[in-house]
2 protein chains.
Amino acid sequence: MEGTTLAPIAQCPDCKRLNEVLSRVGDRWSVLIVASLSQYGVLRFNELKRNLGISQRMLSLTLRELERDGLVSRTYHPTIPPKVEYALTPLGESFREPVKALAMWGLENLETIDAARATYDAAAEKLPKSA
Amino acid sequence: MEGTTLAPIAQCPDCKRLNEVLSRVGDRWSVLIVASLSQYGVLRFNELKRNLGISQRMLSLTLRELERDGLVSRTYHPTIPPKVEYALTPLGESFREPVKALAMWGLENLETIDAARATYDAAAEKLPKSA
DNA sequence: AAAGGGTGGTATATTTTTGATACCGACGAT
DNA sequence: ATCGTCGGTATCAAAAATATACCACCCTTT
């Protein structure tokens with residue numbers, strides 16, 4: 001049943017745009033990788049892996065996406081232990097600002113959020129639907 | 001084999017913190033809901049649903065999380081068609097800024113990203129691993 | 001009065017995403 | 001000669017997102 005009264009999704013263009021943006025670079029690993037490269041400048045595959053605690057698969061996938069989207073550059077050195085270096089492109093550098101804004105907000109408000117959670121959970125404790 | 005040289009995850013405290021932040025409010029729907037409430041002020045459940053094109057389940061879940069984290073307030077009006085209104089709390093309001101920064105960056109760079117993608121994909125076309 | 005619609009959800013099933021694991025070739029160290 | 005490192009890929013299981021159906025409630029329409 002697709003023909004219901006449902007509106008044609010995303011009335012506000014801004015939401016639609018934002019949705020697109022977030023679909024591209026809005027996942028945790030992308031942001032984390034950019035933040036990491038932002039801090040250390042140039043990192044190799046396994047350095048990122050160790051630094052972030054990400055699985056090889058997700059790192060590989062996410063790096064390729066970031067490279068595809070032009071935020072990260074990949075430099076392959078055909079030395080004998082092969083060496084691949086990742087760094088931010090200018091576009092990636094420009095992404096540092098919003099990420100920083102997000103991080104700042106988070107750092108400032110993590111405790112507030114934790115407190116709100118505790119309050120909410122405590123209140124929920126008193127209303128068990130059963131038992 | 002856990003005892004390898006693997007570092008104990010998240011060497012840089014900033015990444016760890018950022019990770020926490022993103023675990024809380026870093027998913028697409030949370031950001032989108034905040035953005036939507038930010039634009040319209042107060043919205044009801046089904047208004048949000050229609051506006052965002054989100055499934056009921058995800059909307060319900062995400063709203064509850066946002067409420068739990070203190071970013072969104074939920075007001076239940078026991079009228080006869082039950083009416084539930086959602087709005088941003090002061091904390092939620094403060095989250096508008098980083099979201100706005102993100103949205104701005106996205107709007108400014110979506111085309112650049114698309115172009116980078118096109119270039120990348122075109123280059124990849126020429127190196128088919130098989131066939 | 002019976003049928004259908006809108007309200008804010010929940011329960012269940014299906015699909016998509018993520019993550020863990022094993023493996024690869026090439027080489028250096030033990 | 002076996003092990004480990006490098007940067008991945010292939011495979012499979014677990015988790016999350018989504019779609020769908022359904023609920024009680026009442027109102028409107030027929």
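Quantities reported herein were computed from a predicted structural model and do not represent experimental measurements. Every chain is numbered from 1, with letters handed out A, B, ... down the list of sequences.
Legend: salt bridge (charged side-chain N to carboxylate O under 4.0 Å, His left out) pairs involving residues 101-114 of chain A, not counting sequence neighbours, sorted by first then second residue: A:D114-B:R24.
To the nearest angstrom, P of D:dG8 lies 12 Å from CD of A:E85. Distance B:F45 CZ to C:dT10 C1': 10 Å, rounded to the nearest Å. What separates CZ of A:R44 from C1' of D:dC6 is a distance of 7 Å, to the nearest Å. When rounded to the nearest whole Å, the span between CD of B:E47 and P of C:dG8 equals 8 Å. The interatomic distance linking B:L32 (CG) with D:dT18 (P) rounds to 11 Å, in whole Å. At whole-Å resolution of the value, CG in A:L63 and P in D:dG7 are 11 Å apart.
Remark: B:T119 pairs with no residue by the side-chain contact (heavy atoms from CB on, under 4.5 Å) rule, at least two apart or across chains. Listed by chain and residue number, B:L22, B:F95, B:P98 satisfy the side-chain contact (heavy atoms from CB on, under 4.5 Å) test with A:L102 (two or more places apart in sequence, or in another chain). Take B:E67 and apply the salt bridge (charged side-chain N to carboxylate O under 4.0 Å, His left out) test, not counting sequence neighbours, and it matches no residue. Under the side-chain contact (heavy atoms from CB on, under 4.5 Å) criterion, B:R44 pairs with B:E47, B:K83, B:E85, not counting sequence neighbours. Take B:Q56 and apply the side-chain hydrogen bond (donor to acceptor under 3.5 Å, both in side chains) test, not counting sequence neighbours, and it matches no residue.
Using a 4.0 Å cut-off on heavy atoms, the residues of residues 72-82 of chain B that approach DNA chain C are B:R74, B:P82, listed by number.
Judged by distance alone, the side chain of A:S94 and the main-chain N or O of A:L91 form a donor-acceptor pair under 3.5 Å.
Under 4.0 angstrom from either OP1 or OP2 of C:dT7 there lies at least one side-chain N or O belonging to B:R50. One finds no side-chain N or O of A:R64 lying less than 4.0 angstrom from the OP1 or OP2 phosphate oxygen of D:dG7.
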* Structure fact -> 5' to 3', nucleotides 13-23 of chain C under a 4.0 Å protein heavy-atom cut-off (B base, S sugar-phosphate only, - none) gives -----BBB-B-

Please table the atom pairs, donor to acceptor, closer than 3.5 Å between any side-chain atom in residues 25-32 of chain B and protein atoms at least two apart or in another chain.
{"from": "B:D27", "atom 1": "OD1", "to": "B:S30", "atom 2": "OG", "distance (Å)": "2.6"}
{"from": "B:D27", "atom 1": "OD2", "to": "B:W29", "atom 2": "N", "distance (Å)": "3.4"}
{"from": "B:D27", "atom 1": "OD2", "to": "B:S30", "atom 2": "N", "distance (Å)": "3.2"}
{"from": "B:D27", "atom 1": "OD2", "to": "B:S30", "atom 2": "OG", "distance (Å)": "3.4"}
{"from": "B:R28", "atom 1": "NE", "to": "A:N19", "atom 2": "OD1", "distance (Å)": "2.9"}

